[in-house]
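Heads up, the thing below is written out as structure tokens.
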There are 2 protein chains.
Amino acid sequence: MSRPSSSRASLRIREVAEVAGVSPATVSRALNGTAVVRQATREKVLAVVDELGYRPNRVAGNLRRQQVQMIGVVVSDIENPHFTQMVRAVEDAAYLKGYRVLLCNTDEAPAKQREYLGVLIAERVAGAVISPTEPGAPEIGELIDHGAAVVAFDRAVADRRADAVLAANADAGRLATQHLVATGHKRVGFVSGLLGIETAAGRQAGYEEAMAAAGLPPMVALGDFRVEGGRRAAADLLARGASGLIVANNLMAVGALKSVKDAGLRVPADVSVVAIDDPPWAELTDPPLTTLAQPVREMAVAAAELLVGRLEGRRSRPKRQVFSFELRHRGSCCRPPGAAHARVRRSKNEL
Amino acid sequence: MSRPSSSRASLRIREVAEVAGVSPATVSRALNGTAVVRQATREKVLAVVDELGYRPNRVAGNLRRQQVQMIGVVVSDIENPHFTQMVRAVEDAAYLKGYRVLLCNTDEAPAKQREYLGVLIAERVAGAVISPTEPGAPEIGELIDHGAAVVAFDRAVADRRADAVLAANADAGRLATQHLVATGHKRVGFVSGLLGIETAAGRQAGYEEAMAAAGLPPMVALGDFRVEGGRRAAADLLARGASGLIVANNLMAVGALKSVKDAGLRVPADVSVVAIDDPPWAELTDPPLTTLAQPVREMAVAAAELLVGRLEGRRSRPKRQVFSFELRHRGSCCRPPGAAHARVRRSKNEL
DNA sequence: CTGAAAGCGCTTACAG
DNA sequence: CTGAAAGCGCTTACAG
């Protein structure tokens with residue numbers, strides 16, 4: 001049982017050494033197990049450490065060892081369930097390996113990304129998982145120059161030295177489109193994400209390709225990967241007569257569902273909806289949402305493993321892993337309202 | 001425009017000083033603005049810094065300054081939307097003040113909490129926002145001994161020197177109960193949280209008090225604050241004939257809704273449900289969920305402000321702020337099935 | 001197996 | 001306004 005003195009806060013390794021009757025070097029060795037220490041000496045030291053409540057100052061250790069057991073996680077917004085899951089999985093893996101997680105939200109703002117990357121460089125973190133807003137930011141290369149292991153998540157980075165864990169975004173757009181087309185839809189609208197973001201562009205490209213292959217004209221409305229933009233874009237597409245909606249991410253799906261309701265329409269009777277991303281609430285909506293799910297957890301684990309692999313010194317050429325989406329059939333798609341169905345129907349009541 | 005040399009990674013302040021023709025002290029002063037530097041000198045220094053791509057090593061600075069601009073955020077699980085919101089709001093406030101956020105998930109495991117608190121002490125963080133799993137852990141006091149500002153969030157800590165931002169949990173239990181009782185329910189069940197967690201205990205106490213005041217017998221089933229425990233506990237209460245369910249947190253609400261569905265019952269026709277916590281998906285469920293919402297964002301901002309206040313040196317006796325819940329009427333409550341209604345009704349279809 | 005000494009890369013009294 | 005020197009608290013070659 002430790003019974004720390006009240007002044008433990010200012011304790012340095014020297015005090016511990018004096019009390020234990022050894023040198024600071026021996027205390028360090030006993031504590032870190034970095035060299036052989038006589039059993040009795042070690043026990044004495046540890047007893048004194050415990051008794052005094054000594055807590056080695058890691059900041060000093062980090063400087064001396066030229067090593068910081070910390071990794072940065074850079075995402076647009078941890079409140080996006082996609083990134084929440086990712087961050088959690090990375091934290092788990094990091095924790096097991098003795099690394100800490102520094103959380104950085106960029107809000108898709110290049111300036112904020114740059115600033116946070118600057119912080120990661122300055123703090124000399126051992127590595128970073130980055131879902132870049134600006135994939136070509138020079139700070140990413142700088143971070144790598146400084147010896148950090150970098151894994152791009154969701155979106156590639158320009159620097160070729162980084163590992164990457166990506167999802168097959170074009171496939172997602174294509175699969176969603178093919179699903180709606182096969183169900184009988186001809187007027188399939190796409191609620192797109194922020195222009196210039198790789199995941200958004202890929203998903204849209206897959207959609208356009210599949211529409212072209214089906215001989216159908218594309219209908220795209222620009223969203224912003226957020227709830228409100230999704231609502232507006234979906235409203236636009238509904239006004240243009242879309243009977244099926246593909247929504248490029250989970251936040252915009254919330255907006256799109258609202259928009260359908262606002263228009264007095266019903267899912268799926270009047271409008272079929274497929275969302276890309278599979279948030280935890282997809283099963284809870286009315287009706288449950290058909291989605292294209294990416295294996296976020298697996299992807300995060302892969303990212304963490306790539307990172308830890310490099311942190312532990314395994315060298316190899318940069319790796320790029322691409323994960324597949326999976327269509328999860330739930331209740332938000334059916335045949336479009338045709339001859340047998342009224343085009344627009346009022347929702348029964350709002351409750 | 002900077003055109004950094006390829007060896008910028010190993011640059012130290014000394015090299016910069018040599019190139020600029022000044023001493024390291026002057027470079028430091030020019031960079032930090034901690035003392036007056038002649039205009040021309042400063043410009044020369046900054047030009048060289050930019051040209052060489054010099055990035056001061058913050059680990060060294062932290063050690064020298066005896067100050068780390070980092071705060072720890074300790075929660076059970078960032079995937080719980082309640083904590084996701086909290087962490088995000090704290091990160092925002094921290095970012096504005098120049099502090100970084102170290103993310104710590106404890107999974108309600110005292111051992112993990114202790115280990116992470118040990119990390120925060122060792123890293124000599126400036127402060128921490130803690131939603132404790134073990135409110136009496138000695139590491140909390142140690143952290144404060146080491147000069148860190150500590151704010152307890154959601155749950156109080158034993159150490160009296162910490163600030164606290166809490167919610168009126170007993171009120172939440174009471175309000176939920178009174179709402180169901182006023183709606184006509186007599187068999188109101190309570191899906192409780194983990195025994196020993198303050199928020200769980202408070203919410204349950206409010207429920208029991210309100211039931212007693214209404215002359216009704218309490219019906220409690222033990223959950224665990226997670227989805228699966230909520231499902232089991234709700235199933236138990238339904239089997240015992242509950243017509244109304246109060247669920248002690250948002251994760252268990254997901255389980256409780258599943259459980260109602262599994263039993264072939266419908267919300268609210270057969271069973272009314274009130275959830276404590278107001279997750280983002282509460283509006284999306286079928287029907288939308290009536291909840292007791294706490295102002296998480298406001299609470300997180302309050303926590304961050306208390307923290308920053310102490311970090312910036314404002315001393316005062318520990319503060320304790322208690323926030324109120326608000327009943328958000330949505331669609332998951334109505335009169336219990338009485339003479340006019342069949343007790344059990346099959347759900348129409350599952351789709 | 002252990003200690004004395006150097007040094008990680010900064011910042012900051014101190015002196016001028 | 002600027003520089004030389006000390007020192008933050010560790011860890012680790014080096015010597016014994």
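Chain letters run A, B, ... following the sequence lines, proteins first, then strands; residues in each count from 1.
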Considering all heavy atoms, the nearest B:Ile13-B:Val27 contact:
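So the two residues come closest at CG1-CG1, 3.6 Å.
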
Tightest non-hydrogen contact, residues B:Val90 and B:Ala300, listed as CG2-O, 4.1 Å

Sugar-phosphate, base or nothing in reach of B:Arg29, heavy atoms under 4.0 Å:
base

With heavy atoms under 4.0 Å as the rule, sort B:Val36 into base, sugar-phosphate or nothing.
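Contact class for B:Val36: base.
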
First and last nt of DNA chain D near chain A, cut-off under 4.0 Å to heavy atoms, 5' to 3', are D:dG9 to D:dA13

For [X], does the [atom1] atom have more than 12 heavy-atom neighbours from other residues, nucleotides or ligands under 6.0 Å away?
X: A:Lys97; atom1: NZ; answer: no
X: A:Arg297; atom1: CZ; answer: yes
X: A:Arg161; atom1: CZ; answer: yes

If a pair means Watson-Crick or G-U wobble with both distances below 3.5 Å, what does DNA chain D look like in dot-bracket form, with | marking bases paired to a different strand?
|||.||||||||.|||

Considering only heavy atoms from C-beta outward, does the side chain of A:Thr133 approach that of A:Val74 to under 4.5 Å?
no

With a 4.5 Å heavy-atom cut-off, do A:Val73 and A:Val101 have their side chains touching?
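They are in contact (side-chain heavy atoms under 4.5 Å apart), so the answer is yes.
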
Looking only at atom types and distance, does a side-chain atom of A:Asp159 sit under 3.5 Å from a main-chain N or O of A:Ile140, one as donor and one as acceptor?
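Such a contact is absent between A:Asp159 side chain and A:Ile140 backbone.
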
For B:Glu115 and A:Tyr95, does a side-chain donor sit closer than 3.5 Å to a side-chain acceptor?
yes

Do the side-chain N and O atoms of B:Thr84 and A:Glu79 include a donor-acceptor pair separated by under 3.5 angstrom?
no

By nearest heavy atom, map B:Gln39 and A:Thr34 onto DNA chain D; which one lands nearer the 5' end?
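Closest to the 5' end, via its nearest nucleotide, is B:Gln39.
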
Interface with DNA chain C, restricted to residues 56-72 of chain A and to heavy atoms under 4.0 Å
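Heavy-atom cutoff 4.0 Å gives A:Leu63, A:Arg64, A:Gln66.
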
With rounding to whole Å, what would you report as the distance between D:dT11 and D:dA15 at their P atoms?
22 Å

